[in-house]
2 protein chains.
Amino acid sequence: MMSQSTERLRRYLDDELGECRSEDVDRRLDELGALETALGSDRVGTELDVLSALANETRLTLVRALVAAGEELCVCELDAIVDVSESAISHALSTLSEAGLVEGRKDGRWKKYRATNRAVALVTVLDGSIGESGVAHTGTARPDDE
Amino acid sequence: MMSQSTERLRRYLDDELGECRSEDVDRRLDELGALETALGSDRVGTELDVLSALANETRLTLVRALVAAGEELCVCELDAIVDVSESAISHALSTLSEAGLVEGRKDGRWKKYRATNRAVALVTVLDGSIGESGVAHTGTARPDDE
DNA sequence: CCGTCGATTGAGACATCATTCAATTGTCTT
DNA sequence: AAGACAATTGAATGATGTCTCAATCGACGG
């Protein structure tokens with residue numbers, strides 16, 4: 001049975017095209033399906049991991065600090081940056097590590113973390129994309145995708 | 001009173017520098033504080049909104065689709081892309097809109113959304129930053145579906 | 001070795017979130 | 001004007017996530 005959504009899409013295309021044959025609907029469904037699976041679903045999973053890892057004040061602050069520092073920082077130093085328990089920092093670093101945003105190295109009884117290239121790239125773009133006062137006037141800037 | 005964390009930092013610097021005066025600790029605390037507040041906390045709030053908006057499968061898929069489409073899409077078309085209720089899509093688009101990632105336009109009784117420049121920038125970098133495993137061809141990614 | 005300290009782990013409490021259902025708004029059609 | 005339909009909104013609920021506390025692991029020094 002044809003789903004309701006498909007029915008609505010048919011009416012929409014009918015509106016847009018002036019007319020609408022069922023093959024138009026099918027073609028459009030194909031195109032939309034292509035948009036959905038434009039890149040592998042495993043990749044989407046990874047991207048969600050990365051975004052979820054960054055979407056938290058504690059973790060974002062830690063990543064920011066490590067990127068800004070440009071060098072590895074000891075956990076005890078990170079402790080001075082965010083205002084949560086030491087345990088929370090450890091959890092946060094674990095999540096970030098799994099997302100490939102930081103890397104840890106043990107040095108004696110201290111442990112040092114540094115931001116990965118991935119983290120640097122994302123934080124950089126985040127700054128550029130957010131900071132420049134003003135969201136996207138729809139026409140002006142042109143991020144020409146090639 | 002000196003927090004425990006500060007005590008630990010002192011011991012750490014003692015280890016690293018071989019010696020440690022209390023002014024070294026204070027200086028390091030200053031440096032770390034500078035990292036923390038490297039950019040305004042209001043900005044961090046905005047960034048968290050953006051990241052949180054993207055850190056969800058439904059919303060990320062919608063943004064991806066709109067970016068890939070390169071043009072505005074009707075809600076009824078988006079409905080064919082993600083597998084949630086129409087209400088959920090509306091909620092998702094609302095969240096994305098607040099985060100400045102999509103913009104909506106009403107056209108008759110249909111409503112069309114398109115990705116903002118911010119969304120394009122973020123999705124682009126996300127793609128580039130994630131596909132790290134030996135990516136030589138930077139052009140249109142062509143992930144063979146499994 | 002034993003005790004201390006840095007750091008991590010697990011469990012539980014608490015908050016936040018994502019989705020669906022039901023009701024509503026606004027537009028078009030007849 | 002009334003009904004149909006696209007889309008949004010609000011409330012409720014089940015699921016996730018985040019933090020703290022307590023216990024544990026590993027490395028170091030006496």
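A, B, ... follow the sequence lines: proteins, then strands. Residue 1 opens every chain. For clarity, every value in this text was computed on a predicted model and none was experimentally measured.
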Nearest-0.5 Å distance, NZ of residue Lys111(B) to CZ of residue Arg105(B): 11.0 Å
Atom-pair distance (CD on Glu57(A); C1' on dT16(C)), nearest Å: 14 Å
Phosphate-side-chain proximity, Ser87(B) and dA22(C), N/O vs OP1/OP2 below 4.0 Å: no
Tyr113(B) vs dA6(D): side-chain N/O to OP1/OP2 distance below 4.0 Å: no
Test item: Arg118(A) and Ile130(B) side chains (from C-beta on) under 4.5 Å apart, heavy atoms: yes
Distance in angstrom units between Arg11(A) CZ and dA4(D) P, rounded: 12 Å
Neighbour count >12 (heavy atoms, 6.0 Å) for atom CG, Asp83(B): no
Any Arg8(A) side-chain N or O less than 4.0 Å from OP1/OP2 of dA7(D): yes
Side-chain N or O of Ser94(A) closer than 4.0 Å to phosphate OP1/OP2 of dT8(C): no
Nearest-angstrom distance from the residue atom CZ of Arg59(A) to P of dG17(D): 9 Å
Selected nucleotide, minimal atom distance to Val84(A) side chain, candidates dC19(D), dT8(D), dT4(C): dC19(D)
Proximal nucleotide (of dG6(C), dT9(D), dT8(C)) relative to the Lys111(A) side chain: dT8(C)
